[in-house]
Amino acid sequence: MMDVEGKTVPRLIRDVVIKNPDVPAQYSRNDSGEFDFLTYSQMWECAMNFGGALLSKNVGRGEKIGLIADDRKEWQQASLGILAVGAVDVPRGTDASREDLKYILSFVECKICIAENSSAAKKILESKNDLPALKSLIMFDAPDEEIVSLAKDCGIALLKFGEMLEEGKKFRDENSGKVESELEKGNWDDIATIIFTSGTTGIPKGVVITHGNFLAQLIEVTDRIWLRPNERALCILPVWHVFMREVEYVILSQGCALCYSKPIGNVLLGDLTKLNPVILPAVPRVFEGVLEGINRKMRRTGGITLAMYTFFVHAAILHSRMHRKLFRQNIRFKKEFMPFWWAILVLPWLLLWPTKLLGNALVFKKIRKMLGTNFRAGVVGGGSYPKSVDEFFWAIGVNIVEGYGLTETSPIVSVRFIDKPIFGSIGTPLYGVQARIVDMEGNVLPKCQKGVLQIKGPTVMQGYYNRPELTAKAISPDGWLDTGDLAIIGMVGELKILGRVKDTIVLRGGENVEPIPLETKLTESIYISTAVVIGQDERNLGALILPNQEELVLWAQSCNVKFETFEDLVKTQEAYKFIDGIVRETICAKNGFRAFERIPRFALLSKPFEVGRELSAKQELMRYKITELYPNEVKLIFRE
């Protein structure tokens, strides 16, 4: 276990720098498209210089500094510099709306704000009338002429990050040991950041997270996601979101390098083979996209290649299911008589083994090669990880470990072990973290019963910034945080998330429906990209369905369906009847769905969901917006 007692985030990173000064810490793409790196000592020097620049601007301990940027080398340098002098960063991504930035920066009264580029700077400067405290704007990229003029008109000091580093170095030369002295003053309980939730439920709330909240997770999570100095991790998620931020601390605390890439198919795959990372932290949609891309490529190839691929994948999945059963690698909710299962399964398990080995040699090895030569595991979080995707990667020998957490838990509650994952679970709670399941009345339930998950421990936030009434609602007097998630605890302590309490749809007949299992099952079809199940207070369920454009067009052409655009196609009766057949075959009793979970009517959409509209910044569905965005479609679905 890692020793973090009494430290702060920058002091922990300083200790890593001392041990690994010349080890690469950050890889970023240069103008020619190749990757350059900074060593730990170089990254740390930048962070300390930025801390010095802040002290030269009279930044005090506890002062809030806006950090509006996406993941890049300057982000960690700026954040570590802020934390080193006892200040607090208030992060958000460049895709944040002007209204969100205005609300956040005014609510915490930022005097100084960092903006990645001119686009982010413009949103901030145009809100100056609502940001009376704001005095200075620091930019990672060079500002364009419009921003220079706008800053001047607003009376805002416009500063460049590179020049700030030079100014900070000069300050440190003239004030030897000043930054280091502030670094040593830091405490475990000092506030490190205020992260505003991405707004899946409405107005953002500022989650107050301390250094101790971050560090408490590192005590044991580094045993589950283990790395070695000099290894690399590919970073594609927004670092302002607490999942990626904590994973970066997991990486840096073990002397490994952050490699900055993009969650864009060809860029991501190219960087995987170029950089050969050992881990890839990502949201479920990334791994779903990889699987969809593989399947699409196989279908286009067709013939014997497609037949072999389909056969070997099905055989490998079947063999993996038997293997997990025999060796207790599934989450379990009741006692099992293992001699019975060995008697039933050992022979087919042995007979299928050569087939799986052949599939590995002919097919799976080539797929794994796409991930590079050093790939150890993907770390998935931030959303529901579909069982079908989990089964596929498990079967072909690609280790994907699912974790769980909330912004309010800083965020990691649990994660599977890389070396001994348990399928169908999110692992056991981390060291020091307690989990329990309660019913709707707050009564504690025994293991293997479904209810609401509550968490207690050193990772739980201090509260919502300046919102004591919301904090009291979320955290009980004895420290239990209500996650709002439906969950169940297995026989040996692993957790399984079943859905959100607020996502539960209550039909007029009083039936409670969890939409996520239905949506997950529907999107297993190659013809359905996205499905949103709706029906609160209605007689029956409905759904908004976005078909897979490429696959539906191919189907339509093969069936001689007449259309000009994809929008025309989804409006045809032929397309509706075709998708209706898929829905009826999928959501049915033989797949374990009850009668009231069937979807008699739905609407087909033609445009993919977008971040900031239907999706939050971490690509979670903002359900509360759906009926507002698609009122006509919803009305047609539930017409009497």
Side-chain angles (χ1 to χ4, degrees), residues 64-72 75 78-79 89-134 137-141 143-144 146-147 150-151 153-154 156 158 193-207 236-245 262-264 283 285 382-383 406-408 464-467 470 530 532 607-631:
K64 285 77 176 175
I65 297 177
L67 181 47
I68 314 304
D70 299 321
D71 209 5
R72 52 189 285 169
W75 197 100
S79 177
D89 65 51
V90 184
R92 195 71 171 187
T94 58
D95 61 348
S97 69
R98 177 182 165 186
E99 288 302 310
D100 274 355
L101 293 181
K102 180 172 69 176
Y103 174 81
I104 292 166
L105 297 176
S106 65
F107 196 67
V108 298
E109 299 179 299
C110 285
K111 298 177 184 176
I112 297 175
C113 185
I114 300 167
E116 176 172 347
N117 51 34
S118 294
S119 174
K122 185 177 181 180
K123 297 175 193 175
I124 297 166
L125 292 172
E126 287 181 342
S127 302
K128 179 60 179 73
N129 290 338
D130 298 296
L131 304 174
L134 186 65
L137 188 64
I138 303 167
M139 293 191 62
F140 287 160
D141 293 341
D144 59 29
E146 181 186 10
I147 296 303
L150 195 55
D153 293 342
C154 294
I156 296 291
L158 194 61
T193 187
I194 302 173
I195 299 176
F196 281 77
T197 56
S198 54
T200 56
T201 55
I203 297 174
K205 296 172 288 190
V207 177
I236 60 173
L237 299 179
V239 69
W240 72 266
H241 186 262
V242 72
F243 167 56
M244 191 62 209
R245 179 168 181 164
K262 299 285 185 184
I264 302 169
V283 291
R285 286 178 184 269
L406 307 168
T407 307
E408 288 84 348
Y464 295 115
Y465 184 72
N466 281 353
R467 302 292 294 274
L470 293 180
T530 305
V532 182
K607 294 181 180 179
F609 288 174
E610 299 176 0
V611 171
R613 181 174 160 85
E614 296 93 348
L615 304 176
S616 69
K618 63 172 183 172
Q619 299 189 29
E620 283 186 338
L621 179 69
M622 295 190 284
R623 291 184 184 273
Y624 74 97
K625 282 191 172 183
I626 294 300
T627 53
E628 300 172 10
L629 294 171
Y630 298 98

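Start at 1 with the first residue, then count along the sequence. Computed from heavy atoms alone, side chains included, the values below leave out hydrogens, waters and symmetry copies.
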Pairing residues for Asp95 by the side-chain contact (heavy atoms from CB on, under 4.5 Å) criterion, not counting sequence neighbours: Val611, Ala617
In short, Ser118 meets Met139 closest at the heavy-atom pair N-CE, 3.6 Å
Residue list, side-chain contact (heavy atoms from CB on, under 4.5 Å) with Ser127, at least two apart or on another chain: Arg98, Lys102, Leu131
Could you go through the side-chain contact (heavy atoms from CB on, under 4.5 Å) check for Val532 and Tyr630 one step at a time? CA-CA 12 Å; Val532 182; Tyr630 298 98; over 6 Å; no
In Å and rounded to the nearest 0.5 Å, what is the CG to CD distance from Asp71 to Glu116? 9.5 Å
Between Phe107 and Tyr103, what is the ring plane arrangement, given parallel below 30°, perpendicular above 60°, and tilted in between? parallel
Taken to the nearest 0.5 Å, the spacing of Ile626 CD1 from Glu614 CD works out to 5.5 Å
Looking only at heavy atoms, which two atoms of Lys205 and Leu470 are closest? And how far apart? CD-CD1, 3.6 Å
Would you check, one step at a time, whether the test side-chain contact (heavy atoms from CB on, under 4.5 Å) holds for Met244 with Ile236? CA-CA 9 Å; Met244 191 62 209; Ile236 60 173; over 6 Å; no
Is there side-chain contact between Pro91 and Arg245, with heavy atoms separated by less than 4.5 Å? yes
So, using side-chain contact (heavy atoms from CB on, under 4.5 Å) as the criterion, who are the partners of Lys607 when residues are at least two apart? none
Pairwise distance CG(Leu125) to CG(Leu134) - rounded to 0.5 angstrom: 7.5 Å
Against Ile68, only a single residue in Ile124, Leu137, Ile114 fulfils side-chain contact (heavy atoms from CB on, under 4.5 Å); can you say which? Ile124
The criterion is salt bridge (charged side-chain N to carboxylate O under 4.0 Å, His left out); which residues satisfy it with Asp144, sequence neighbours excluded? none
Take atom NZ of Lys262 as the centre, draw a 6.0 Å sphere, and report whether it contains more than 12 heavy atoms from other residues, nucleotides or ligands. no
Point-to-point distance, once rounded to the nearest 0.5 Å, from CG of Leu105 to NZ of Lys111: 14.5 Å
Side-chain heavy-atom pair Asp89, Ile65 within 4.5 angstrom cut-off: no
Return the CZ to CG distance between Arg92 and Leu67, rounded to the nearest 0.5 Å. 12.5 Å
Could you give the distance from CG (Leu101) to OG (Ser106), rounded to the nearest 0.5 Å? 10.0 Å
Which atom of Gly93 lies closest to which atom of Trp240, heavy atoms considered: N-CD1, 3.2 Å
Using only heavy-atom distances, determine whether the side chains of Asp70 and Thr94 contain a donor-acceptor pair under 3.5 Å. yes
Please identify each residue that fulfils salt bridge (charged side-chain N to carboxylate O under 4.0 Å, His left out) with Glu109, with sequence neighbours left out. none
Looking at side-chain heavy atoms only, is the closest gap between Pro608 and Thr530 below 4.5 Å? no
By side-chain contact (heavy atoms from CB on, under 4.5 Å), Lys122 pairs with (sequence neighbours left out) Glu126, Glu146, Ile147, Leu150
By the definition side-chain contact (heavy atoms from CB on, under 4.5 Å), identify the one residue from Asp100, Val207, Val90, Thr407 that meets it with Phe196. Val90
